[in-house]
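See below for the structure under consideration.
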Amino acid sequence: PPVGYGMVHGQLHRSDAPGKNSFSFLNTLNLKCITVVGEGEVPESIKSYCEDSGAALRIVVPPNESTVDESAVIGALKLVTEESLHPMLVCDSAGGHTLAAIIGCIRKLQGWPIFSALEEYRRHVGVSRTWPLVEEFIEVFDPDIVSLTPEARSWLQPS
């Protein structure tokens with residue numbers, strides 16, 4: 001699997017940007033979509049994987065990787081909860097923390113206790129790489145501001 005791989009929920013997966021050595025694993029997921037979060041150019045390997053596999057490529061670019069942008073997170077939440085695009089891999093192209101914020105906000109939408117959402121964030125990025133800004137964003141994020149379809153809300157419920 002790619003570095004940082006994990007299953008988020010159902011057929012939604014997360015990882016750092018996958019390299020060619022991960023493609024055989026990605027093939028087992030039968031991905032319909034790869035969503036790349038981050039600034040900068042999408043790696044050519046991801047573009048060619050999507051072309052070869054038929055997976056759609058979606059890109060979420062936060063306006064500034066040094067902060068967490070609420071509108072980018074909300075847009076990403078709407079995208080990654082769109083079940084018609086699943087199985088989906090959402091990955092981080094730049095090593096930033098926007099993906100971690102998105103996953104933390106998914107956990108809040110799922111009704112996880114805040115300490116559990118933050119613990120998952122810390123485990124995923126490593127304690128030495130945590131950003132207080134991201135933790136604060138997850139803590140104060142209000143799930144009620146995200147207008148999701150009833151299908152997406154239903155999908156987010158624990159299985």
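Note that these values count all heavy atoms, side chains included, but never hydrogens, waters or copies made by symmetry. For the single chain, residues carry numbers from 1 onward in sequence order. Just so you know, these numbers come straight off a predicted model, no measurement behind them.
- Smallest separation of non-hydrogen atoms from S84 and K32: O-CD, 3.6 Å.
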**Report entry** Intermediate values then yes/no, side chain to side chain contact (heavy atoms under 4.5 Å, CB included), V80 and M88
**Finding:** CA-CA 8 Å; V80 302; M88 177 191 291; 3.8 Å; yes
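- The side-chain hydrogen bond (donor to acceptor under 3.5 Å, both in side chains) search around S24 returns none, not counting sequence neighbours.
- When every heavy atom of P18 is checked against every heavy atom of C91, the shortest pair comes out as CD-SG, 3.9 Å.
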In residues 133-143, what donor-acceptor pairs under 3.5 Å come from side-chain atoms, sequence neighbours left out?
unit_1 : atom_1 : unit_2 : atom_2 : d
E135   : OE1    : R122   : NH2    : 3.1
E135   : OE2    : R122   : NE     : 3.0
D142   : OD1    : D144   : N      : 3.0

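- A donor-acceptor pair under 3.5 Å is formed between the side chain of T81 and the backbone N or O of L77.
- Following chains of ILVMFWY side-chain contacts shorter than 4.5 Å, one cannot reach V146 starting from W112, and the two form parts of different hydrophobic clusters.
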Query raised in the report: When you look at H124 and R14, which way does the side chain to side chain contact (heavy atoms under 4.5 Å, CB included) test go after all the steps?
Result: CA-CA 10 Å; H124 185 75; R14 69 179 295 167; 2.7 Å; yes
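- Heavy atoms only, all atoms of each residue included: A72 and V60 are closest at O-CG1, 3.9 Å.
- Taking the charged nitrogens against the carboxylate oxygens, E44 and K47 do have a contact shorter than 4.0 Å, which makes a salt bridge.
- At a threshold of 4.5 Å between side-chain heavy atoms, the hydrophobic network of Ile, Leu, Val, Met, Phe, Trp and Tyr places I106 and L118 in one connected group.
- Side-chain contact between S15 and L89 is present, with at least one heavy-atom pair separated by less than 4.5 Å.
- Distance check, rounded to the nearest 0.5 Å: CG of N27 to CG of D52 gives 9.5 Å.
- Between E70 and I145, some side-chain heavy-atom pair lies under the 4.5 Å cut-off.
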Requested in this report: Begin from the C-alpha positions of V90 and H13 and carry the test side chain to side chain contact (heavy atoms under 4.5 Å, CB included) through to its verdict.
Outcome: CA-CA 6 Å; V90 58; H13 310 268; over 6 Å; no
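- Hydrophobic clustering places I114 together with Y121 (ILVMFWY residues linked when any side-chain heavy atoms are closer than 4.5 Å, directly or through intermediates).
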Report task. Check the pair L79 / T35 against side chain to side chain contact (heavy atoms under 4.5 Å, CB included), numbers first and verdict last. Result -> CA-CA 9 Å; L79 177 65; T35 299; 3.5 Å; yes
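- Tracing side-chain contacts under 4.5 Å through hydrophobic residues (I, L, V, M, F, W, Y), one never reaches I102 starting from V3; they form parts of separate clusters.
- Closest heavy-atom contact between A55 and L31: CB-O, 3.6 Å.
- What you find for E83 and E151 is that their closest heavy atoms are OE1-O, 4.3 Å.
- Two residues are said to be in side-chain contact when any heavy atoms from C-beta on lie closer than 4.5 Å; H86 and L12 meet this criterion.
- Within the structure, ring-ring contact (aromatic ring centres under 6.0 Å, His included) pairs that include any residue of residues 24-49 comprise Y5-F25, F23-Y49 (at least two apart or interchain).
- Under a hydrophobic clustering in which Ile, Leu, Val, Met, Phe, Trp and Tyr are joined whenever their side-chain heavy atoms come within less than 4.5 Å, directly or via other members, F115 and I103 fall into different clusters.
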